[in-house]
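None of the values given here were measured: they were computed from a predicted structure. Reminder, nothing fancy here: chain letters follow the sequence lines and each chain counts from 1. The analysis underlying the following values was restricted to heavy atoms, covering all of them including side chains, and did not include hydrogens, waters or symmetry mates.
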Amino acid sequence: MNIKVLYFARIKESVNYSTEDLVLPTGVTTVTALKNHLAERGGTWATLFDGQQMVRAAINHELVENMAPISEGDEVAFFPPVTGG
Amino acid sequence: MNIKVLYFARIKESVNYSTEDLVLPTGVTTVTALKNHLAERGGTWATLFDGQQMVRAAINHELVENMAPISEGDEVAFFPPVTGG
Amino acid sequence: MSVRVQLEDFDVAAELRALRLASAEIGAVVSFVGQVRDINDGDDVQTLTLEHYPEMTTRALEKITQEAQSRWDIHDSLIIHRVGTLKPQDQIVLVAVTSQHRGEAFKACEFMMDYLKTQAPFWKKEATSQGERWVDAKLSDDEAQARWESE
Amino acid sequence: MSVRVQLEDFDVAAELRALRLASAEIGAVVSFVGQVRDINDGDDVQTLTLEHYPEMTTRALEKITQEAQSRWDIHDSLIIHRVGTLKPQDQIVLVAVTSQHRGEAFKACEFMMDYLKTQAPFWKKEATSQGERWVDAKLSDDEAQARWESE
């Protein structure tokens, strides 16, 4: 499954880039699974996505929970809790 | 006891004037007693002050309840419920 | 913490700007502007005339201001209320509150409006196509004020 | 029911005036203006930079607007949020709501701010004399939003 991943704010600075195209292995079909998949990269990725830090996700521009399913072609974004206003 | 009485809005229009100086008989020492005293004038006064209509009172520019005491030299105002804002 | 009662219109922008720029500790400015509606109780309103009790009005508005200040951590507040004859879409009243954080300013501003509606000696008379009439007080305003009594 | 995200400052007076004059049925205009504070968590703030997620931001603000509209009988609303680099006492955000009666406008305006704070994809980075840092989300904002969930 092909998806696009975006990173914002503190997370973008940690991973050093803002977007990447990913081909997901079979079985990685939820936000949680994607976080675990990214954590397997180790280092900064492990620190960010091991579940200790609060990382919010959006799929196709909608805030979603960790159980949300990911589909072919989705735009998945990861970011810290928002601080606007 | 000498006091000054002011009337506002609908009540002022009913009684046809906005202020009067009154010498109160002994015993008229509360807002309720003053309302009863004015109601004894009959006609419009009775209608206004017989307790059927909502008439608010202020003494010396402070909203007060019916039990409030009246003292020599007070400025007592009668008016309908307020409708500003 | 100022209150003004005046015949003239007021400039919301200038007032809010002055309040906001008074301190860089201010994070929130909440304001209420009331305007004259053209319909009330089903009739068209041509003009609205506000009478008040001058010696009492300022005092009542200052008491409301002080009460808000004692209840919430606000930086400053302003009440401007017009009197005299207004027409539909004229501004009647401005209440504005500044604070560090928004919760206090929202609460204080709504509190001040709710108290103004029930405690400040203003009375409205409408001229409609059916003639002139005094506006009746609304039970909903008493209820809005009563909410704060239990807080 | 419009939302705008922009680099430029906004003119509160012109915005409020346009909202208010849109209809003579409007009796109430409630607004919130946020400004950049010069102190946060004990340090002096020199500049504040707002990043956002453009494709999502507009959508999130429109959802907040629609939710407010479905909950209260309001006439219109406006959200303007700035992005880019701001300095202390710059305006960040305007939320304004018009309605016939004040209760609805007060509630809708505060609701919209509380949701904006927790749902709209903006992130603040401060430059202080101690260096740059991302601003942490506040638990109090989550709590402010949660109040509305049970209503």
Side-chain angles (χ1 to χ4, degrees), chain B residues 2-22 30-32 34-35 38 43-85, chain C residues 3 5 32-37 40-41 48-64 79-84 86 91-95 109-126 132-142 144-145:
Chain B
N2 295 280
I3 64 166
K4 186 173 184 178
V5 186
L6 275 64
Y7 306 98
F8 289 95
R10 201 196 305 250
I11 293 175
K12 177 177 66 182
E13 289 188 354
S14 298
V15 306
N16 261 321
Y17 52 87
S18 63
T19 180
E20 63 181 313
D21 294 313
L22 275 188
T30 66
V31 171
T32 299
L34 174 55
K35 284 182 176 177
L38 292 170
T44 300
W45 296 93
T47 312
L48 281 172
F49 292 105
D50 68 355
Q52 300 301 302
Q53 288 198 33
M54 183 83 93
V55 175
R56 301 244 190 255
I59 297 181
N60 300 330
H61 316 127
E62 294 276 359
L63 269 183
V64 295
E65 300 300 322
N66 279 326
M67 310 81 87
I70 298 175
S71 308
E72 171 68 28
D74 277 353
E75 177 174 310
V76 181
F78 289 114
F79 43 78
V82 303
T83 57
Chain C
V3 305
V5 179
F32 174 87
V33 176
Q35 85 170 350
V36 180
R37 295 169 57 218
N40 193 28
D41 289 335
L48 183 72
T49 300
L50 279 134
E51 175 177 333
H52 76 132
Y53 179 5
E55 297 83 353
M56 181 174 166
T57 312
T58 308
R59 187 171 182 142
L61 297 179
E62 283 170 351
K63 267 183 75 173
I64 291 167
I79 301 176
I80 304 178
H81 202 297
R82 292 178 70 191
V83 291
L86 307 177
Q91 303 184 124
I92 311 176
V93 61
L94 169 67
V95 175
C109 187
E110 189 168 12
F111 170 91
M112 289 170 73
M113 271 308 299
D114 288 344
Y115 271 67
L116 187 157
K117 281 270 181 184
T118 54
Q119 307 283 307
F122 294 102
W123 301 275
K124 286 178 181 148
K125 191 178 202 176
E126 294 171 339
E132 292 202 332
R133 65 185 183 199
W134 290 97
V135 173
D136 283 324
K138 287 190 292 184
L139 184 59
S140 60
D141 287 329
D142 289 330
Q145 188 224 303

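- When the salt bridge (charged side-chain N to carboxylate O under 4.0 Å, His left out) test is applied to C:E132, the partners found at least two apart in sequence or on another chain are C:K125.
- Using a 4.5 Å cut-off between heavy atoms, C:K63 contacts chain B through its side chain alone, with no backbone atom that close.
- B:G85 approaches C:K124 most closely through the heavy-atom pair O-NZ, 2.7 Å.
- Here the straight-line distance linking atom OG1 of B:T83 with atom CD of C:E51 works out to 9.5 Å at 0.5 Å rounding.
- Considering every non-hydrogen atom in both C:A60 and C:Q119, the closest pair reads CB-O, 3.9 Å.
- Nearest heavy atoms, B:F49 versus B:K35: CB-O, 3.4 Å.
- Residue B:E20 holds its CD atom at 6.5 Å from CG of B:L38, rounded to the nearest 0.5 Å.
- The aromatic rings of C:H52 and C:F122 lie parallel to each other, with less than 30° between the two planes, well short of the 60° mark.
- Taken to the nearest 0.5 Å, the CD1 atom of C:I79 stands 9.0 Å off from the CD atom of C:E62.
- Between B:I3 and B:L34, the shortest heavy-atom distance links the atoms CD1-CD2, 3.9 Å.
- A distance of 7.5 Å separates OH of C:Y53 from CZ of B:F79, quoted to the nearest 0.5 Å.
- Both the backbone and the side chain of C:D136 have a heavy atom closer than 4.5 Å to some heavy atom of chain B.
- Proximity to chain C at a heavy-atom threshold of 4.5 Å picks out B:E75, B:A77 from residues 64-78 of chain B, in numerical order.
- The interface of residues 6-15 of chain B with chain C, defined by heavy-atom distances below 4.5 Å, comprises B:L6, B:F8, B:A9, B:R10, B:K12, B:E13.
- The structure places OG1 of B:T44 at 8.0 Å from CG of B:N16, a figure rounded to the nearest 0.5 Å.
- When the heavy atoms of residues 109-117 of chain C are compared with those of chain B, the residues falling under 4.5 Å are C:M113, C:L116, C:K117, listed by number.
- The shortest heavy-atom contact between C:A137 and B:V82 is CB-O, 3.9 Å.
- Atom-to-atom distance recorded for B:R56:CZ and B:L63:CG is 7.5 Å, nearest 0.5 angstrom.
- Minimum heavy-atom separation, C:L50 to C:R82: CD1-O, 3.6 Å.
- Heavy atoms of C:E55 lying under 4.5 Å from chain B belong to its backbone as well as its side chain.
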